Amino acid sequence: MYILGINAYHGDAAAAIVQDGRLIAAAEEERFNRFKHSAGFPEQAIRYCLKEAGIGLEDLDHIGISRDPSAHLHKKILYAATRAASLKRSQIKDRLGNAARVRDLKDELARVFSISKKQLRARFHNIEHHRAHLASCFFVSPFERAALLSIDGFGDFISTMWAVGHGNSIEVLGQVEYPHSTGIVYTATTQFLGFPHYGDEGKIMGLAPYGQPRFIDHFREIIRTEETGQFRLNLDYFRHHSEGVEMTWDHGSPVIGRVYSDEFARLFGSARAQGAPLTDRERDIAASLQLRLEEVAFHILNHLHERTGLTDLGLAGGVAYNSVMNGKILLNTPFKRVYVQPAAGDSGTALGVCYQIYNGVLKCERGEVMEGAYTGPQFSNEEVRAALVKSDLAFERYTDDEITKRAAQDIAAGLVVGWFQGRMEFGPRALGNRSIVADPRRAEMKDILNDRIKKREPFRPFAPSVLEERVGDYFEQTHPAPTMLMVYQIKKERRNEIPAVTHVDGSGRLQTVSRAVNERYYQLISDFAELTGVPVILNTSFNENEPIVCSPEEAIECFRKTKMDVLYLGNFAVRRGD
Ligand SMILES: [Fe+2]
């Protein structure tokens, strides 16, 4: 039985495919069409999923999308009636157009893939947005029973939903409805601080440790917690509920209109213009926002624990990309184990749709545990070789044993190394298959990477990958973080040893690497440890400022236009200047 799951007409459009409960493939559309956070219809991601499964659209048994136009319909109608007057005609048309497209998925698929609707024998499903998030963090988790939290901006008019998962069922226990949302507060503040792009919230998380939370009382007024895990926004500070905020994606990447209100600007002074110098005010606002998000999240989680009595937690939704918050869950709540969906944001709902259909709707037994995020395209050594020959670059071929040893030597010698191996990652983090790796012992490496390749804001940290069994030697917490979605404190006595991956507050957004999940990457770090005594390497995503590279051609292109020193592709290596 084949099931295709889709996230479409929404940021981070994606597709996933499952065969008899086994996850065959999952990938974001942005990796194929090269528009960051690409919204719209995930045509190429669907093509890739079908190719990986070796089937055609007509062979699918079930097709689902992570939107349900009929979910919470009474609220949507109410919203439309009270707000229609303030929406522009074009806005209303856009929204109705999206809803119609969600309903008419069958037509869209038939049109895009040029087949007749009669040939599509699959049953179609609309899976409500947060149920798809919840399914994504439970049905592929290692837990038989767990508390679940989906927390994000909005989807199907809900911002937050909590539940208990047991076997192949999920029971929803509570939710927070439009217009109240932690994700909206984070997005609004991110915009106010002069970072307007979709997905810029992570930058503010990186900025926060430079500030003091002196505006915490303001944020406690902006977002208030209530009984039974609830919270509410003070709507004076926002405009999404009154004037409506447009989300468009004419050019592929989504664009969101201004969410914060004039009142927000009265509270903090005028907004920072994009590119203006950062002052203490911006740093302190970021610190206060981050602290408040953590307070609200722990408020919900403590309620969820009280309600369920469980100590295992599944976590998803865009706010679950806040790895600083995630890393403090075990310290601030009774939860003992946390499974964060590697594609916690909306792309992961494609995967959630598949499993909500397979386990939740069809009641099939669970069997898949998603330990890594390596569900994307891979390329054979022959394909890599062909791309290299075409590029006219000189290259060498190494054996399996040599390749990690050579790369470890290069890293230890201070070179910036492109590392392209195996299947591409699903979700925003490069986890050792589409990574740029470097020596974490060299304090100057952060500036070198920023100057030569990444061109990122200097306040953003770089992340460490560490051998799983050595985590406790370097970090204050040891709970596994295989998909780089936890930030822990680095032990004080170790910070000087790995300065390039130690953030200003002594933290690190680590990836714990095990041999079972990524053998070649584990071997690379082991070889580096053997040379240097340090079982840690710096890992940043393989891209300049575009989506992470997918194919060997894109890796070669990125190598050419940046000042990377050496590029390892499969068993081949290319050196700058050769
Ligand atoms: Fe979402």
Side-chain angles (χ1 to χ4, degrees), residues 5 7 12 14 16 18 21 23 26 28 64 66 127-153 155-156 158-176 182-183 229 297 300-301 304-305 307-308 310-323 325-327 329-330 333 335-361 366-373 375 425-429 431 479-486:
N7 175 46
D12 296 312
V18 164
L23 179 57
E28 283 101 351
S66 56
I127 304 295
E128 193 269 342
H129 186 84
H130 284 276
R131 283 175 194 264
H133 273 313
L134 293 173
S136 81
C137 70
F138 179 57
F139 291 132
V140 294
S141 78
F143 308 136
E144 171 58 19
R145 200 181 179 97
L148 309 173
L149 175 64
S150 167
I151 178 165
D152 69 8
D156 281 331
I158 300 291
S159 75
T160 315
M161 188 180 273
W162 52 92
V164 60
H166 183 202
N168 56 12
S169 70
I170 291 175
E171 184 198 347
V172 174
L173 301 175
Q175 63 189 28
V176 178
T182 53
I300 302 167
L301 287 170
L304 180 55
H305 167 76
R307 184 84 192 270
T308 61
L310 298 172
T311 54
D312 287 340
L313 173 69
L315 195 58
V319 176
Y321 282 147
N322 195 297
S323 47
M325 170 190 91
N326 296 349
I329 289 174
L330 299 182
T333 74
F335 288 105
K336 301 250 181 292
R337 294 194 296 174
V338 184
Y339 178 78
V340 190
Q341 169 58 40
D346 289 333
S347 61
T349 62
L351 182 147
V353 161
C354 292
Y355 285 96
Q356 179 60 20
I357 294 170
Y358 188 73
N359 300 123
V361 177
R366 291 168 58 191
E368 178 82 22
V369 176
M370 189 179 180
E371 287 181 306
T375 59
E425 298 87 348
F426 186 40
R429 301 276 88 89
L431 300 168
H479 182 288
T483 55
M484 210 183 253
L485 288 170
M486 296 279 198

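All values below were derived from every heavy atom in this structure, side-chain atoms included, with hydrogens, water molecules and symmetry-related copies excluded. Quantities reported herein were computed from a predicted structural model and do not represent experimental measurements.
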Are the side chain of [X] and the backbone of [Y] linked by a donor-acceptor contact shorter than 3.5 Å?
X	Y	result
Ser141	Phe143	yes
Thr375	Ala26	yes
Asp12	Asp346	no
Tyr355	Leu23	yes
Tyr321	Gly345	yes

How far apart are the closest heavy atoms of [X] and [Y], and which atoms are they?
X	Y	value
Val353	Ala132	CG2-CB, 4.1 Å
Leu310	Phe335	O-CE2, 3.4 Å
Met325	Val319	CE-O, 3.6 Å
Ala350	Asn7	CB-N, 3.9 Å
Thr182	Asp152	OG1-O, 4.2 Å

Is the Lys NZ or Arg CZ of Arg366 less than 6.0 Å from the centre of Phe138's six-membered ring, within 45° of the axis?
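Yes, a cation-pi geometry holds between Arg366 and Phe138.
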
Among His130, His133, Gln341, Arg131, find the one that has a side-chain hydrogen bond (donor to acceptor under 3.5 Å, both in side chains) with Ser150.
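The single option meeting the side-chain hydrogen bond (donor to acceptor under 3.5 Å, both in side chains) with Ser150 is His130.
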
Set of salt bridge (charged side-chain N to carboxylate O under 4.0 Å, His left out) partners for Glu28, sequence neighbours left out
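Glu28: salt bridge (charged side-chain N to carboxylate O under 4.0 Å, His left out) contacts with Arg31.
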
Within this structure, what is the OG1-CG distance for the pair Thr333 and Leu313, rounded to the nearest 0.5 Å?
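Rounded to the nearest 0.5 Å, the OG1-CG separation comes out at 7.0 Å.
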
Start with the C-alpha gap between Arg337 and His479, add the side-chain angles, then the distance that decides, and say whether side chain to side chain contact (heavy atoms under 4.5 Å, CB included) holds.
CA-CA 7 Å; Arg337 294 194 296 174; His479 182 288; 4.0 Å; yes

Who passes side-chain hydrogen bond (donor to acceptor under 3.5 Å, both in side chains) against Asn168, sequence neighbours left out?
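For Asn168 there are no side-chain hydrogen bond (donor to acceptor under 3.5 Å, both in side chains) partners, ignoring immediate neighbours.
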
Would Leu301 and Leu149 count as a side chain to side chain contact (heavy atoms under 4.5 Å, CB included) if you check the C-alpha gap in whole Å, the side-chain angles of each, and the deciding distance to 0.1 Å?
CA-CA 8 Å; Leu301 287 170; Leu149 175 64; 3.7 Å; yes

